[in-house]
S.K.: 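Here it is, the structure in full.
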There are 4 protein chains.
Amino acid sequence: MSGSGVRPGRRRSEESRQAILGAAFDLLGEVGYARLTVEGIAARAGTGKQTVYRWWPGKADVLLEAVTAYAREHIPLPETADRAADLRTFLTATFAAATPRTTDALRALMAEAQIDPAFGERFRETLLHPRREALGAVVDRAREAGLLAPHLTTDTAVDLAFGALWYRLLATGRPLDDELAELLTRTLLR
Amino acid sequence: MSGSGVRPGRRRSEESRQAILGAAFDLLGEVGYARLTVEGIAARAGTGKQTVYRWWPGKADVLLEAVTAYAREHIPLPETADRAADLRTFLTATFAAATPRTTDALRALMAEAQIDPAFGERFRETLLHPRREALGAVVDRAREAGLLAPHLTTDTAVDLAFGALWYRLLATGRPLDDELAELLTRTLLR
Amino acid sequence: MSGSGVRPGRRRSEESRQAILGAAFDLLGEVGYARLTVEGIAARAGTGKQTVYRWWPGKADVLLEAVTAYAREHIPLPETADRAADLRTFLTATFAAATPRTTDALRALMAEAQIDPAFGERFRETLLHPRREALGAVVDRAREAGLLAPHLTTDTAVDLAFGALWYRLLATGRPLDDELAELLTRTLLR
Amino acid sequence: MSGSGVRPGRRRSEESRQAILGAAFDLLGEVGYARLTVEGIAARAGTGKQTVYRWWPGKADVLLEAVTAYAREHIPLPETADRAADLRTFLTATFAAATPRTTDALRALMAEAQIDPAFGERFRETLLHPRREALGAVVDRAREAGLLAPHLTTDTAVDLAFGALWYRLLATGRPLDDELAELLTRTLLR
DNA sequence: ACCTAACCGAGACGGTACGTCCTGTCTTCCG
DNA sequence: CGGAAGACAGGACGTACCGTCTCGGTTAGGT
């Protein structure tokens with residue numbers, strides 16, 4: 001019997017998984033990434049340290065999972081007849097997802113990606129590339145309609161948009177608002 | 001005048017200072033920022049740990065000093081009659097300064113700035129702001145000549161240029177080449 | 001019943017405990033107390049420093065445990081009909097336990113007890129008091145038989161005996177031999 | 001030939017010497033021997049560290065000088081016709097010199113003597129031996145008068161007296177009072 | 001009056017060890 | 001057999017002192 005993929009033993013506790021993701025996110029807001037520890041996450045979640053290490057390589061990957069789940073839910077991929085508006089909509093929605101809490105997480109993840117190359121790879125694969133693909137699709141549709149500025153390739157256009165986004169996130173703290181979305185749209189399209 | 005600035009006691013050792021900056025830079029290349037330690041820097045430099053901590057808060061500030069010294073020496077501020085060419089020249093020189101070794105240091109510093117807010121403040125003050133000021137001056141002179149794209153403010157233009165620079169540095173690894181400098185120039189100036 | 005004393009989690013490693021006690025004792029003989037360090041003990045024992053600090057407050061307490069174990073095993077409490085002989089026997093056995101290696105440890109412990117009052121309290125409670133009690137019992141039995149010198153109380157007699165012992169240990173280096181045991185016996189009893 | 005020991009140059013500052021001895025003694029009382037540091041002594045005395053190290057090997061030797069000066073001044077060597085009374089007088093005066101402040105210093109010195117063998121040698125030579133000589137002289141005069149207990153040598157008698165003294169100082173904290181002086185006199189003389 | 005020598009306070013230097021914190025792994029018992 | 005509890009080996013942290021080495025400046029002969 002035992003059948004298909006059903007293995008013996010206790011199943012992974014969905015409750016623990018949620019508790020760990022939540023604890024990591026909460027603690028990040030409370031103490032900051034520098035003082036966020038796996039021990040602290042486990043303690044807050046009411047689990048053992050091993051339960052964290054069993055499912056994630058370290059604290060950064062816990063946050064990464066928390067953030068990607070959030071992004072998957074909150075950022076749509078617009079596809080209407082007005083391809084210029086689609087771009088503006090995408091950027092506005094992307095910026096709107098950058099709440100103070102997700103902002104903290106994103107900055108921490110980008111930092112960790114610089115420090116730990118192996119995590120950097122996972123970070124790019126899991127979060128950065130999918131976002132590039134999404135924006136790239138919107139930009140491509142604009143180009144097909146002849147709206148893209150002629151000296152820009154898709155990749156470079158994406159670099160400019162996400163460059164501005166991350167630069168404000170990481171370096172200046174200037175807001176990710178509708179004004180920036182509008183400005184980027186005009187810069188990329190014309 | 002004023003005087004009295006002469007304090008008693010042994011002077012700071014310039015030899016140790018140089019040895020520490022050099023050791024930090026070398027070790028960063030050899031083992032990466034994650035495994036760069038103050039202990040390691042001191043050992044390599046042939047100094048005591050306390051001599052590092054006496055003059056710098058931590059390993060990030062050592063690297064910051066090493067990098068700012070480099071930037072001060074290698075990036076000129078062009079001021080010719082051709083204000084469009086000045087922008088292209090500035091960006092090209094900036095990108096050319098991003099050698100593999102300085103690139104590693106910059107990525108580490110930006111990462112540390114996210115993780116340690118106090119260092120972040122010093123990083124912005126010491127490295128980011130001066131670079132923004134420099135590019136801002138070049139952009140301003142272009143605007144005075146009516147060359148800047150009309151929908152761009154100086155700050156936003158700087159955001160776009162440095163955004164692209166840092167995004168490629170931190171996220172994609174795409175090259176900082178003359179092509180990018182040319183493209184940015186055309187995007188900003190129109 | 002028996003109550004709940006069973007906790008989850010890994011048990012204390014008896015192997016590490018023994019290794020630490022042994023390493024401390026060996027290193028004391030090799031380098032002396034001044035250059036005996038917790039780091040050295042842990043390294044020699046093949047454990048982490050934290051495993052020492054988890055169970056002992058510092059290097060002195062490690063030695064104290066090693067010495068008390070030794071004393072417990074090697075010094076009997078004689079109780080025969082000849083109460084004068086009992087005293088002589090007790091002193092002789094006590095002196096015989098002062099091998100070069102235990103002597104080193106005892107001198108270090110007495111020194112540390114002077115320097116660190118909190119350790120001093122533990123030292124008295126763990127090693128000094130029990131030894132006083134033991135000798136006190138022998139002296140008491142002698143007094144009940146009318147053998148004790150009339151002007152001596154039990155406490156004072158004990159002070160004289162242990163005073164001579166420790167003074168030779170700490171100050172003069174003169175031997176703790178049978179002659180001293182005999183002489184103390186005659187001085188205390190008569 | 002030239003003159004004996006007359007050298008050119010600035011003379012040793014008696015003021016600094018006194019300030020250092022006083023600072024060491026005061027700080028010992030305030031913070032205890034464990035937290036007494038050469039840096040602290042120099043700072044309190046208003047001198048440089050080098051001035052301490054120029055004249056003393058370390059903090060223990062500073063205290064040793066302070067204590068021996070005290071002993072030299074306060075403990076007489078009685079020499080009357082009543083040789084039994086002389087012994088009692090000597091012990092009483094010795095015990096009286098053990099004020100709380102000198103007691104702290106003596107305990108610290110004996111501790112340091114165990115830990116640092118080189119200092120131990122200086123300690124014995126400077127403080128312990130002279131005191132033994134003094135008591136030995138008194139005991140010898142008693143023996144010449146036929147007053148010493150017959151089974152005691154001079155050395156052993158001195159061991160018993162100083163043994164009780166140091167044992168109470170280091171181990172039990174019981175008082176060094178006239179009762180102990182009287183009791184030792186009776187025990188040694190018979 | 002200058003020279004040279006030894007001292008002085010101050011404080012940076014190369015080092016060592018401290019005691020703490022966290023990592024990632026490993027037992028142990030419970031459900 | 002997953003999971004909590006928690007001990008384990010390892011290693012960096014930032015601090016405190018050690019004893020030494022410059023500094024500029026003072027105080028004394030010797031010439």
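Chain letters run A, B, ... following the sequence lines, proteins first and then strands; every chain starts at 1. Worth saying up front: this structure is predicted, and the values here are computed from it rather than measured.
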S.K.: Closer than 4.0 Å, any side-chain N/O of C:Trp55 to the OP1 or OP2 of F:dC8?
M.R.: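 Yes, such a contact exists.
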S.K.: So do A:Phe123 and A:Gln114 actually touch side chain to side chain, heavy atoms under 4.5 Å?
M.R.: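 Not touching, per the 4.5 Å side-chain cut-off.
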S.K.: Mind running a 4.0 Å heavy-atom check of residues 108-126 of chain D against DNA chain F and sending the residues that fall below it, in number order?
M.R.: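 Nucleic-acid contacts, sorted: none.
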S.K.: Could you state the interatomic distance from CD (B:Glu14) to CZ (B:Arg17), rounded to the nearest 0.5 Å?
M.R.: 4.5 Å
S.K.: Are D:Arg122 and D:Glu125 ion-paired here, with the side-chain N under 4.0 Å from a carboxylate O?
M.R.: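 No, this pair does not count.
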S.K.: Rounded to the nearest Å, what distance is computed from the CZ atom of residue C:Arg54 to the C1' atom of nucleotide E:dG19?
M.R.: 14 Å
S.K.: Using atom types as modelled and distance alone, determine if a side-chain donor or acceptor of D:Thr51 lies under 3.5 Å from a backbone N or O of D:Thr47.
M.R.: no
S.K.: Would the number of heavy atoms belonging to other residues, nucleotides or ligands and lying under 6.0 Å from CD of C:Glu15 be above 12?
M.R.: no
S.K.: Using 4.0 Å as the upper bound for N to carboxylate O, is an ion pair formed by D:Glu112 and D:Lys59?
M.R.: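 Looking at D:Glu112 together with D:Lys59, the answer is no, because their closest N to O distance does not fall below 4.0 Å.
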S.K.: Within residues 10-32 of chain D, find the residues that approach DNA chain F with a heavy atom at under 4.0 Å, and present them sorted by residue number.
M.R.: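 Result for residues 10-32 of chain D: D:Arg10, D:Arg11, sorted by number.
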S.K.: Near C:Arg12 CZ, under 6.0 Å, is it more than 12 heavy atoms from other residues, nucleotides or ligands?
M.R.: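 Check passes, neighbour count above 12.
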S.K.: With a 4.5 Å heavy-atom cut-off, do B:Leu63 and B:Tyr33 have their side chains touching?
M.R.: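 The answer is yes; the side chains approach within 4.5 Å.
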S.K.: Within less than 4.0 Å of OP1 or OP2 of F:dA4, is there a side-chain N or O belonging to A:Thr51?
M.R.: yes
S.K.: Specify the separation, in whole Å, of atom CG of C:Asp61 and atom P of E:dC18.
M.R.: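 These atoms are roughly 14 Å apart.
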S.K.: Can you give one letter per nucleotide of nucleotides 10-16 of chain F, going 5' to 3': B for a protein heavy atom under 4.0 Å from the base, S for sugar-phosphate only, - for none?
M.R.: B-SBBBB
S.K.: Can you tell me how far C1' of F:dT27 sits from CZ of D:Arg7, to the nearest Å?
M.R.: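 Answer to the nearest Å: 14 Å.
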S.K.: Just wondering, do A:Asp61 and A:Trp55 contact through their side chains at under 4.5 Å, heavy atoms?
M.R.: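 The answer is no; the side chains never approach within 4.5 Å.
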S.K.: Check C:Asp116 with D:Arg35, please: is the shortest side-chain N to carboxylate O separation under 4.0 Å?
M.R.: no
S.K.: Do the non-hydrogen side-chain atoms of A:Val67 and A:Phe25 ever get within less than 4.5 Å of each other?
M.R.: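 Yes; the side chains approach each other to less than 4.5 Å.
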